Amino acid sequence: WKGFWDKVKDIRSRWEYGVAGLFSDDPVSEEFFEKLEEHLLAGDVGLELTESLLEDLRSFAKREKVGKASDLKQHFAQEIKDTLQRVPKMGEPLSFDGPLGVILLVGVNGSGKTTTAAKLAASFRKRGETVVLAAADTFRAAAIDQLRIWGERTGTRVIAQSPGSDAAAVVFDALQAVKSVGRGVVVVDTAGRLHTKHNLMEELTKIHRVARREVDPSCIETLLVLDAVTGQNGLVQAETFHAAFPLTGFVLTKFDHTARGGILLSLASRLALPVRYVGLGEKEEDLDSFDVDSFVEGLLS
Ligand code: GDP
């Protein structure tokens, strides 16, 4: 997590809802609440959560007869921490109880699925795990090539078939490859075409069925890869996806490109699913789990 702040050193100045400055020694006023609301909305916290955070803060200020805005800061920080920590496994990197694990990466094209697959492969390999990358985006030849390139770069075995082949069959083969060594993790890069969403959901369901036959269901993770830059649209995307195909968590990519990290809070409060990793760049090492306390402290200091 330290790496996070090293890489995104100026995040506070870029953080559009750099709310820290609002908690000054000035008296708590209507203007303070209005400004805070503006900052939270600009930072992608979303209307619903912004309203609820403000309501709570207002009633705390009234109840405790708080005079200075700075005396509200700690309570506000705690509210944000609670929003995140209420979600089980928030910020925890993946680990599997059984010998075999499957990570299905789903999401729209361009969100960063292939890159995240490579980053996860590198990270599990570093921990000494056997990893196989499954090129289940059989729709785009370029996606298969891309994954192969990542496989070479990270020294990870890639299971792929020709474009247009059955994605579930690719996953089946990848599962056999890890099973043959006894333990390991299959990271599945899936298709993300939106215009044929229905077929995509069928395809994902089939992949999941194949995985469930081979692996304990508690060792199958379905992570939606979301581009943090898309902000509140990401929330809509997440809700739509989750309704069609149950997710177990998120990877928020391109966090290095946005100052609007409020999407993290929206996802936590609306979907109650953990953000497992954040993507902080295009290289294989640019993936971090994230620590709620440091995140909130960084935000408000
Ligand atoms: P896919 O279509 O979902 O598989 O997306 P890709 O993995 O091909 O990524 C799309 C683009 O986003 C590529 O140019 C990646 O290098 C870039 N990308 C992915 N993750 C990150 C990230 O965390 N930070 C930055 N800056 N770029 C990223």
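Only heavy atoms go into these numbers, but all of them, side chains included; no hydrogens, no water, no symmetry mates. Start at 1 and go down the list; that is how both ligands and their atoms are numbered. Since this is a predicted model, take the numbers as computed values, not measurements.
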### Query
In terms of residue, atom name and distance, what is the protein heavy atom nearest to atom 28 (C) of ligand 1?
Lys254 CG, 3.7 Å
### Query
Can you tell me the protein heavy atom closest to atom 24 (N) of ligand 1 and the distance?
Asp256 OD1, 2.9 Å
### Query
So do Asp189 and Leu133 actually touch side chain to side chain, heavy atoms under 4.5 Å?
no
### Task
Give the residue, atom name and distance (to 0.1 Å) of the protein heavy atom nearest atom 13 (C) of ligand 1.
Glu282 OE1, 4.2 Å
#### Entry: Subset of ligand 1 atoms that lie under 4.0 Å from at least one heavy atom of Val108
3 (O)
### Query
Can you tell which part of Lys283 has a heavy atom less than 4.0 Å from ligand 1: side chain, backbone, both or neither?
neither
## Note on the structure
Within 4.0 Å of some non-hydrogen atom of Lys113, the atoms of ligand 1 are 1 (P), 3 (O), 4 (O), 5 (O), 7 (O)
### Query
Is any side-chain heavy atom of Thr253 less than 4.5 Å from a side-chain heavy atom of Val251?
yes
### Summary
Looking only at protein heavy atoms, what sits closest to atom 2 (O) of ligand 1 is Gly110 N, 2.7 Å
#### Entry: Identity and distance of the protein heavy atom lying nearest atom 22 (C) of ligand 1
Gly281 O, 3.1 Å
### Query
Which residue supplies the protein heavy atom nearest to atom 4 (O) of ligand 1, what is that atom called, and how far is it?
Thr114 OG1, 2.6 Å
### Task
Would you mind running through ligand 1 and noting each atom that sits below 4.0 Å from a heavy atom of Gly279?
23 (O)
### Message
Please work out, at 4.0 Å between heavy atoms, whether the side chain, the backbone, both, or neither of Leu280 comes within that distance of ligand 1.
### Response
backbone
### Query
For ligand 1, which atoms have a heavy atom of Asn109 less than 4.0 angstrom away?
2 (O)
### Query
After noting the C-alpha distance and the side-chain angles of Asp227 and Gln237, does the key distance pass the side chain to side chain contact (heavy atoms under 4.5 Å, CB included) rule?
CA-CA 10 Å; Asp227 178 340; Gln237 223 182 84; over 6 Å; no
### Query
How close does the nearest protein non-hydrogen atom get to atom 7 (O) of ligand 1, and which residue and atom is it?
Thr115 OG1, 2.6 Å
